[in-house]
Number of protein chains: 2
Amino acid sequence: MTPLDLVDEAALRAEDSPKLGRKRDHTRDADILDAALEVLAETGYDGMTVDMVAARAKAGKATLYRRWPSKAELVLDAVACLKRADSDPAKLPDTGTLRGDLVALIKTPSIEDGERKLQIMAGIVSMLSRSPELADAAQAAIVEPRARVNRLLMRRAIDRGEISADVDIDTLSMVSTAMVSHRVLMLRKPVTREFLISLIDNVILPAAGIPRAPASSASSSSR
Amino acid sequence: MTPLDLVDEAALRAEDSPKLGRKRDHTRDADILDAALEVLAETGYDGMTVDMVAARAKAGKATLYRRWPSKAELVLDAVACLKRADSDPAKLPDTGTLRGDLVALIKTPSIEDGERKLQIMAGIVSMLSRSPELADAAQAAIVEPRARVNRLLMRRAIDRGEISADVDIDTLSMVSTAMVSHRVLMLRKPVTREFLISLIDNVILPAAGIPRAPASSASSSSR
DNA sequence: TCTATACGGAACTTGCGAGTTTCGGATATA
DNA sequence: TATATCCGAAACTCGCAAGTTCCGTATAGA
C-alpha cells in the first residue's frame with residue numbers, strides 16, 4: 001500500500017510555491033481564504049482583524065502569516081480566488097427566448113451568491129481607489145462574470161434574430177448588475193425574485209426592443 | 001449682563017438637537033463639516049482621522065470634540081447636512097420632451113458633484129450595514145435626490161402623454177443613478193457625457209417606450 | 001482697558017490591531 | 001521508540017488614532 005495521494009498532497013503543501021501563485025483545490029489554504037471572505041463580507045476590510053480570520057478558520061494567526069505576508073495580500077488573494085463557476089458557458093440556460101434565459105438565471109442560490117459577493121464588494125469599495133490590484137481582482141472575480149453571462153445571452157438573442165443588432169449590449173448587460181448593486185448597497189433593500197422579474201420585463205427587455213408584457217392584464221403565468 | 005444671543009447659540013450647539021436640526025449658513029461648523037466631507041471622499045471613513053479634518057478646517061482637534069461627541073457623529077452630521085439643492089422643483093429643466101429634460105440634466109458641474117457624492121458614498125458603504133442612522137442619512141442626502149429628479153421628469157412625461165402610464169417609473173428613475181454608481185465604484189471608469197447620453201438613448205428612453213434613435217441611419221427594421 | 005469665552009495647538013493617555021516570537025503538542029517517517 | 005516538521009495557541013512588541021487635557025492667545029462685550 002503506497003498512499004501516493006497523501007504523499008503527493010503533503011509534498012504540495014509543504015515545499016512548493018513560496019510566492020503565492022497557485023491555489024490548491026482543497027488545502028488549508030482554501031479554508032483560510034474562505035474564512036477571510038466570510039469575515040470580509042460581515043465586517044468589511046477595516047473591521048476585519050487577522051485574529052478573526054484565524055479563529056474562523058480554526059488556525060493560528062502565525063499560520064496565516066506563514067502563508068501571506070500581510071492582511072492586504074491575504075484579502076487580495078481571497079478575492080482573486082473567488083470561484084467563478086458562473087462563467088461556464090455550457091451550463092447557461094438556453095430556453096429559446098431572451099426572457100426565458102434571463103428568468104432562468106434567477107435561482108435562489110444564485111441570488112444568495114450574488115448578495116454575498118455584493119457584501120464582499122461593499123467591504124472593499126473604499127480600498128479600490130488606493131489599490132488598483134484589488135480593484136482589478138474584484139472586477140475580474142465579482143463584476144465581470146455577471147456582465148459576461150448577460151452579454152452572452154443577449155448576443156445569442158441577436159444571432160437568433162430576436163433583438164436588433166443595434167442594441168447596445170455592452171451597456172445593457174450591466175443594467176441588472178448595476179440595479180442589484182444599487183438596491184443592496186445603497187437602498188439596502190432585499191433582492192427578491194419579483195424585483196428581478198420586474199426589472200427584466202419593465203426595463204431590460206423593452207430597452208432591447210422587445211415590447212412590454214403581451215399578457216399585461218391579469219398576473220397569470222403561474223408556475 | 002444677559003447676552004441672550006450668545007447664550008442661545010451656545011445652548012443650541014452644546015445641548016440641543018441631538019438629532020440634527022439646523023445648520024447655520026456660514027459658521028465654523030459648516031467649514032468643519034465641509035472639511036470632513038472632503039477628507040471622507042478622499043480617504044474613506046476608516047482612513048480618515050480627526051486630525052486630518054481639523055487640519056483641513058484649520059481648527060484644533062479639541063474644537064471638533066467640543067461640537068461633536070465622536071468621529072462617528074461628526075461624519076453622520078456631515079453626510080446629513082450635504083446640500084440637497086437638486087431637489088428644488090422650480091429649477092428643473094422643462095424642454096417639452098423627456099429626452100430634452102434628461103439631457104439638460106447633464107452639465108459638467110452636475111457630473112462633478114455626482115462623482116464627489118459617489119466618492120463619499122464609497123467611503124461609507126461598508127458602515128451602512130452597521131449604522132442604520134448613517135444609512136438613512138446617506139439615502140436621504142445622496143441617493144434619493146437623484147432618483148426624485150428623474151421620477152419627476154418622467155411623471156411629467158406621462159402627464160404630457162409622451163410615455164405610457166404603465167411605465168415602471170419607480171424603477172426606471174433609478175437606472176441612471178445605478179449605472180453611474182456601478183461605473184464609478186465598480187468599473188472605476190469616468191462618467192463622460194457620451195456615456196450618459198448613450199444611456200439615455202439606448203436604455204432609458206427605449207425602456208420608457210420611446211423607440212431608439214430618431215435620427216438613426218437606416219435599420220429600424222421593425223418586423 | 002479689563003475680562004470672559006472660545007479658539008488653535010500641542011502634549012498627553014489609552015486601546016486596539018498588525019505583525020512576531022515562543023512553546024507544547026500533534027503527525028509522520030525510520 | 002526516536003526525530004524532524006508543522007501546527008494552534010498565546011504572549012509578546014509597536015505604531016497609530018480616538019479622545020482628553022492644558023495653555024497661550026485672540027476677540028468681543030462692558
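Within every chain, numbering begins at 1; the chains are lettered A, B, ... in the order of the sequence lines, protein sequences first and strands thereafter.
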Visitor: Just checking, is any N or O donor in the side chain of S126(A) or D46(B) under 3.5 Å from an acceptor N or O on the other one?
Guide: no
Visitor: Can you measure R28(B) atom CZ to dG8(C) atom C1' for me and round it to whole angstrom units?
Guide: 10 Å
Visitor: Without decimals, in angstroms, what is the distance between D29(A) CG and dC7(D) C1'?
Guide: 14 Å
Visitor: So which nucleotide from dG19(C), dA9(D), dA10(C) ends up closest to the side chain of A62(B)?
Guide: dA10(C)
Visitor: Identify the two heavy atoms, one from V125(B) and one from R188(A), that lie closest to each other, and give their separation to 0.1 Å.
Guide: O-NH1, 4.5 Å
Visitor: Round to the nearest Å and state the distance from L74(A) atom CG to dA18(C) atom P.
Guide: 11 Å
Visitor: Closer than 4.0 Å, any side-chain N/O of R66(A) to the OP1 or OP2 of dT20(C)?
Guide: no
Visitor: Within the 4.5 Å heavy-atom criterion, are E38(B) and R116(B) side-chain neighbours or not?
Guide: yes
Visitor: When the distance from CZ of R67(A) to P of dG19(C) is rounded to whole Å, what number comes out?
Guide: 17 Å
Visitor: To check you understand the geometry: which heavy-atom pair defines the closest contact between L199(B) and S176(B), and what is its length?
Guide: CD2-CA, 3.9 Å
Visitor: For DNA chain C, whose closest nucleotide is more 5', that of A59(B) or that of K61(A)?
Guide: A59(B)
Visitor: Can you list, by residue number, the residues of residues 46-53 of chain A that have a non-hydrogen atom closer than 4.0 angstrom to DNA chain D?
Guide: none
Visitor: When we call it a touch if two heavy atoms are under 4.0 Å apart, what does A54(A) touch: a base, just sugar-phosphate, or nothing?
Guide: nothing
Visitor: Check the distance between dG17(C)'s P and Y65(A)'s OH and give it to me in whole angstrom.
Guide: 12 Å
Visitor: Quick one: on DNA chain C, does A57(B) or S70(A) contact a more 5' nucleotide (nearest heavy atom)?
Guide: A57(B)
Visitor: Could you report the tightest heavy-atom contact between A207(A) and P206(B), atom names first, then the distance?
Guide: CA-CB, 3.8 Å
Visitor: Got L76(B) and E133(B) here, is their nearest side-chain heavy-atom distance under 4.5 Å?
Guide: yes
Visitor: Under 4.0 Å between a side-chain N or O of T63(B) and OP1 or OP2 of dG8(C)?
Guide: yes
Visitor: Report the distance from atom CG of L64(B) to atom C1' of dC7(C), rounded to the nearest whole Å.
Guide: 12 Å
Visitor: If the test is side-chain contact (heavy atoms from CB on, under 4.5 Å), which one of I204(A), V149(A), N150(A) qualifies with S173(A)?
Guide: N150(A)
Visitor: Regarding dG19(C), can its base be found pairing with the side chain of K71(A) as donor and acceptor, where the two atoms are less than 3.5 Å apart?
Guide: no
